[in-house]
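Below is one structure, written out as structure tokens; comments come after it.
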Amino acid sequence: MRAIRVAANGGPEVLQLTEIDAPEPQPGQLLVEVAASGVNFIDTYQRSGVYAMQVPFTPGSEGAGEVVAVGDGVTGFAVGDRVAWAMAPGSYAERALVPADKAVKVPAGVDIRTAAAALLQGLTAHYLVTSTHPVRTGETALVHAAAGGMGLLLTQLVKHLGGNVIGTVSTAEKEKLAREAGADEVIRYTEEDVAATVSDLTDGRGVDVVYDGVGKTTFDASLASLRPRGLLALFGAASGPVPPVDPQRLNSAGSVFLTRPSLAHHILTRDELDWRAGELFEWISTGVLDIRIGGTYPLEDARRAHEDLEGRRTTAKLLLLP
């Protein structure tokens, strides 16, 4: 079968299409014919070595497809089931081995590509708005990169839960997408001072929560945009990791809170995964969430997908199609 392999850490050029032996499921695993694989910033961190991975490896931690074989000891899944998964490596391939405890069934009313585009970012958005900072009616959230895959999901969910959204974007096209998703206000960070504009928009109060997946280039503005005792949820580092922070800065900013959450710690049990995935698919099925697919690439174009993602030339979610 064909798969993308990384033989050594580096830039997008290390993503190489390779012929490898088709795998066989081991106990506790599903073998899945991949219909689509999600492209995420975590894939770029693993490719580059920011997140350590043993090389060589097949990247991709999210996908959806049809079960073609079931390993010993697996219950609850059968050949022919449509499944999706997140936080399981190896989806940049025609077939993937997926731990059964990481897989969820895709409901009949959800398109398989939509499932592939939704799960990792959707589960992340779910824990951010329900667990990291449960959004309450009338609260205001600052959402960075509001026209990206995560930003669009967060904007829709904050609005669904009764909150207000101030989004940051770089272009007029991205502002239009953010507003269509429900953003109440949009800041062009290329033209405006984010913290100063947030202060103006909130009459000097600041926002209740900042959802920041950008990292290095937005961190200072995020901290300065919070109300006293507000929360900064730093869930990613698309622009690079944030340098070490003096805890006194949190005091000076108004006794604010800083957390660096990740999805793995929010789907530790099967019950929690099923709860989050179940609500996510229900939101998709009922129209609460509109999953936008910003671009699709054939498997052999994985390098271009990473270049486009890291170059911030994309909106919404990117998929690789084997």
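The residues of the chain are indexed from 1 along the displayed sequence.
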For Gln248, does its backbone N or O pair with a side-chain atom of Asn251 as donor and acceptor, under 3.5 Å?
no
Show the nearest heavy-atom pair for residues Ala96 and Ser91, with the distance to one decimal.
CB-CA, 4.3 Å
Linking I/L/V/M/F/W/Y whenever any side-chain heavy atoms sit under 4.5 Å apart, do Val110 and Val83 land together?
no
Rounded to the nearest 0.5 Å, the CG atom of Leu152 sits from the CG atom of Leu157 at a distance of 11.0 Å
Taking the side chain as C-beta and beyond, is there a heavy-atom pair between Thr140 and Val158 under 4.5 Å?
no
The residue among Leu142, Thr155, Leu154, Thr124 that forms side-chain contact (heavy atoms from CB on, under 4.5 Å) with Tyr211 is Leu154
Looking at every non-hydrogen atom in both residues, tell me the closest pair between Leu318 and Gly294 and how far apart they are.
CD2-C, 4.2 Å
Is there a side chain to side chain contact (heavy atoms under 4.5 Å, CB included) between Leu226 and Val207? Walk through the geometry before answering.
CA-CA 5 Å; Leu226 287 168; Val207 298; 4.2 Å; yes
Within a radius of less than 6.0 Å around CZ of Arg229, do more than 12 heavy atoms belonging to other residues, nucleotides or ligands occur?
no
Can you find a heavy atom in the side chain of Pro241 that is under 4.5 Å from one in the side chain of Val50?
no
Mind running side chain to side chain contact (heavy atoms under 4.5 Å, CB included) on Leu31 and Arg95 for me, showing each step along the way?
CA-CA 7 Å; Leu31 180 62; Arg95 290 190 170 192; 3.8 Å; yes
If two hydrophobic side chains count as joined below 4.5 Å and joins carry through other members, does Tyr45 share a cluster with Val55?
yes
Would you please say whether a donor-acceptor pair under 3.5 Å links the side chains of His144 and Thr168?
yes
Expected output: side-chain Lys105 to main-chain Gly76 donor-acceptor under 3.5 Å:
yes
Hydrophobic clusters here meaning ILVMFWY residues chained together by side-chain heavy-atom distances under 4.5 Å, can you tell me if Ile112 and Leu30 are in one?
no
Side chain to side chain donor-acceptor pair (under 3.5 Å) between His266 and Ser131, worked out
CA-CA 9 Å; His266 291 82; Ser131 300; 5.4 Å; no
Nearest atoms (heavy-atom pairs only) where Gly38 meets Leu319
CA-CD2, 3.8 Å
Where do Asp43 and Gly60 come nearest, in terms of heavy atoms and distance?
OD1-CA, 3.9 Å
Quick check: closest heavy atoms across Ser239 and Gly215, and the distance to 0.1 Å?
OG-C, 3.7 Å
Just so I know, are the side chains of Met1 and Glu19 near enough to count as touching, which here means a heavy-atom distance under 4.5 Å?
no
Assess, by modelled atom type and distance only, whether the side chains of Trp283 and Glu279 contain a donor and an acceptor separated by less than 3.5 Å.
no
Quick one: do Val165 and Leu128 end up in the same hydrophobic cluster if we chain Ile, Leu, Val, Met, Phe, Trp and Tyr together by side-chain heavy atoms under 4.5 Å apart?
yes
dist Arg227:CZ -> Ser199:OG (nearest 0.5 Å) comes out at 15.0 Å
Measure the spacing between OG1 of Thr132 and NE2 of His126 and express it to the nearest 0.5 Å.
11.0 Å
Flag yes if more than 12 heavy atoms outside Asp21 fall under 6.0 Å of its CG atom; otherwise flag no.
no
Tyr92 and Val39, any side-chain heavy atoms less than 4.5 Å apart:
yes
Hey, is the main chain of Pro12 close enough, under 3.5 Å, to the side chain of Glu307 for a donor-acceptor pair?
no
Trace of the side chain to side chain donor-acceptor pair (under 3.5 Å) decision for Thr130 with Arg276
CA-CA 10 Å; Thr130 62; Arg276 296 193 192 281; 3.3 Å; yes
Please determine which of Thr202, Asp208, Asp203 meets the side-chain hydrogen bond (donor to acceptor under 3.5 Å, both in side chains) test together with Arg205.
Asp208
Under a 3.5 Å distance rule, please check whether Glu185 uses its side chain to pair with a backbone N or O of Ala183 as donor and acceptor.
no
Quick one, Pro89 and Thr58 - any side-chain contact, counting heavy atoms below 4.5 Å?
no
Taking the side chain as C-beta and beyond, is there a heavy-atom pair between Glu300 and Arg2 under 4.5 Å?
yes
Would you sort out whether Trp275 and Ile267 count as a side chain to side chain contact (heavy atoms under 4.5 Å, CB included), showing the intermediate values?
CA-CA 9 Å; Trp275 164 53; Ile267 50 172; over 6 Å; no
Glu94 side, atom CD; Leu321 side, atom CG - distance, nearest 0.5 Å
12.0 Å
Matching residue for Val288 among Thr286, Ile284, Asp290 - test: side-chain contact (heavy atoms from CB on, under 4.5 Å)
Thr286
From NZ (Lys174) to OH (Tyr189), nearest 0.5 Å
6.0 Å
Mind checking whether Ile166 and Val143 have side chains closer than 4.5 Å, heavy atoms only?
no
With a 3.5 Å distance limit and no angle check, can you tell me whether Thr197 reaches the backbone of Asp193 through a side-chain donor-acceptor pair?
yes
Can a salt bridge be assigned to the pair Arg82 and Glu66 using a cut-off of 4.0 Å between side-chain N and carboxylate O?
no
Do you know which two heavy atoms are closest between Phe219 and Arg249, and how far apart they sit?
CE2-NH1, 3.9 Å
Give a yes or no answer on whether the side chain of Asn40 reaches the backbone of Ile42 with a donor-acceptor pair at less than 3.5 Å.
no
I want to check something: taking the side chain as every heavy atom from C-beta on, are Phe257 and Leu250 in contact at a cut-off of under 4.5 Å?
no
Residue pair Val256, Leu232: steps toward the side chain to side chain contact (heavy atoms under 4.5 Å, CB included) verdict:
CA-CA 8 Å; Val256 301; Leu232 168 50; over 6 Å; no
Is it true that a side-chain atom of Gln16 and a backbone atom of Glu13 form a donor plus acceptor pair closer than 3.5 Å?
yes
Give, for atom CG of Leu309 and atom CZ of Phe41, the distance between the pair rounded to the nearest 0.5 Å.
4.0 Å
Hydrophobic cluster membership, Leu280 vs Val104, 4.5 Å side-chain cutoff
yes
